[in-house]
K.L.:
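Structure provided below as structure tokens; questions to follow.
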Amino acid sequence: MSSWILYDKPECPFCWKVRLALYETGQEARLVDSQSPEQRPVWQALTPKKTVPVLVDGDRLIYESNVILEYLADLPGTLLPTAPADRIKARLINSYSDTVIGPALREVIFEKRGKPESEWDRARIQAGVEAFEQALDYLADQLGNSEFFTGQYSLPECALTARFGLAEAYGVAIPERFTNLQEWFARMKARPSYRATAPRQLIG
Ligand SMILES: N[C@@H](CCC(=O)N[C@@H](CS)C(=O)NCC(=O)O)C(=O)O
């Protein structure tokens with residue numbers, strides 16, 4: 001049994017992509033609820049960033065989801081292809097997921113989460129949905145007719161599966177015109193890693 005610990009927050013897209021990466025690379029980690037009052041000071045003392053995910057592997061402490069993914073990519077069952085061009089592509093799409101897809105969806109999720117529908121700011125939600133849909137053009141282009149973004153399951157699959165999963169849970173669909181992305185997401189959801197890692201309170 002692995003002694004790894006992941007300080008986790010189920011609905012956090014950065015944590016979800018790390019959970020997917022752990023599952024897909026066959027690594028086990030004990031998930032610790034970072035939000036519990038007794039655990040918050042524990043992981044906050046470990047990381048200068050004060051964010052989760054935080055992975056502890058013995059005396060190795062790794063924070064920042066992308067650094068954790070790179071750590072896992074260095075292990076067998078890699079999350080990165082071998083060809084330099086593909087490695088760059090994987091990293092760029094992972095970053096695009098964090099910095100373009102994430103902020104668009106954040107507008108929708110932060111507006112809807114924990115609020116009755118009558119209080120939603122619909123203009124904010126609409127702006128988020130439009131930004132999300134515009135951002136999909138690039139992804140559809142990058143995916144083309146391939147099964148995966150880089151020819152194998154890699155960083156973009158972890159990052160975007162978590163984002164699309166949250167989008168779906170908050171009522172944001174991939175439009176019909178992006179058939180390739182819809183089919184890609186359906187394939188990701190059919191993988192055992194999806195059900196094993198999805199936040200229970202959102203995806204039953
Ligand atoms: N760049 C960081 C971002 C992580 C992040 O923003 N995590 C949020 C949750 S989604 C967090 O820890 N917020 C503080 C908290 O929940 O106490 C990463 O990729 O790991």
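Numbering of ligands and ligand atoms starts at 1, following listing order. Hydrogens, waters and symmetry mates play no part in the numbers below; they use all other heavy atoms, side chains included. Remember, predicted model here, so these are calculated numbers, not experimental data.
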K.L.:
Using a 4.0 angstrom limit on heavy atoms, which residues are close to ligand 1?
P.N.:
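Residues near ligand 1: Lys9, Cys12, Phe14, Gln35, Arg40, Trp43, Lys50, Thr51, Val52, Pro53, Glu64, Ser65.
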K.L.:
State the CD1-CG distance between Ile101 and Asn94, to the nearest 0.5 angstrom.
P.N.:
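Ile101 atom CD1 to Asn94 atom CG measures 12.0 Å (nearest 0.5 Å).
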K.L.:
Just checking, is any N or O donor in the side chain of Gln126 or Glu130 under 3.5 Å from an acceptor N or O on the other one?
P.N.:
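Checked: Gln126/Glu130 side chains pair up, N/O donor to acceptor below 3.5 Å.
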K.L.:
Can a side-chain donor-acceptor contact be found between Arg191 and Tyr153 if the only test is distance below 3.5 angstrom?
P.N.:
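Tyr153 vs Arg191: no donor-acceptor pair found between side chains.
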K.L.:
Hydrophobic cluster mates of Val52, side-chain heavy atoms under 4.5 angstrom, ILVMFWY only, any path?
P.N.:
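Ile5, Tyr7, Val32, Val42, Trp43, Leu46, Val54, Val56, Leu61, Tyr63, which link up through side-chain heavy atoms under 4.5 Å apart, make up the rest of the cluster.
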K.L.:
Can any side-chain N or O of Arg40 pair as donor or acceptor with the backbone N or O of Gln35 at less than 3.5 Å?
P.N.:
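Answer holds: no.
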K.L.:
Give a yes or no on whether Glu119 atom CD has more than 12 heavy-atom contacts from other residues, nucleotides or ligands under 6.0 Å away.
P.N.:
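Counting neighbours around CD of Glu119, more than 12 heavy atoms of other residues, nucleotides or ligands fall under 6.0 Å, so yes.
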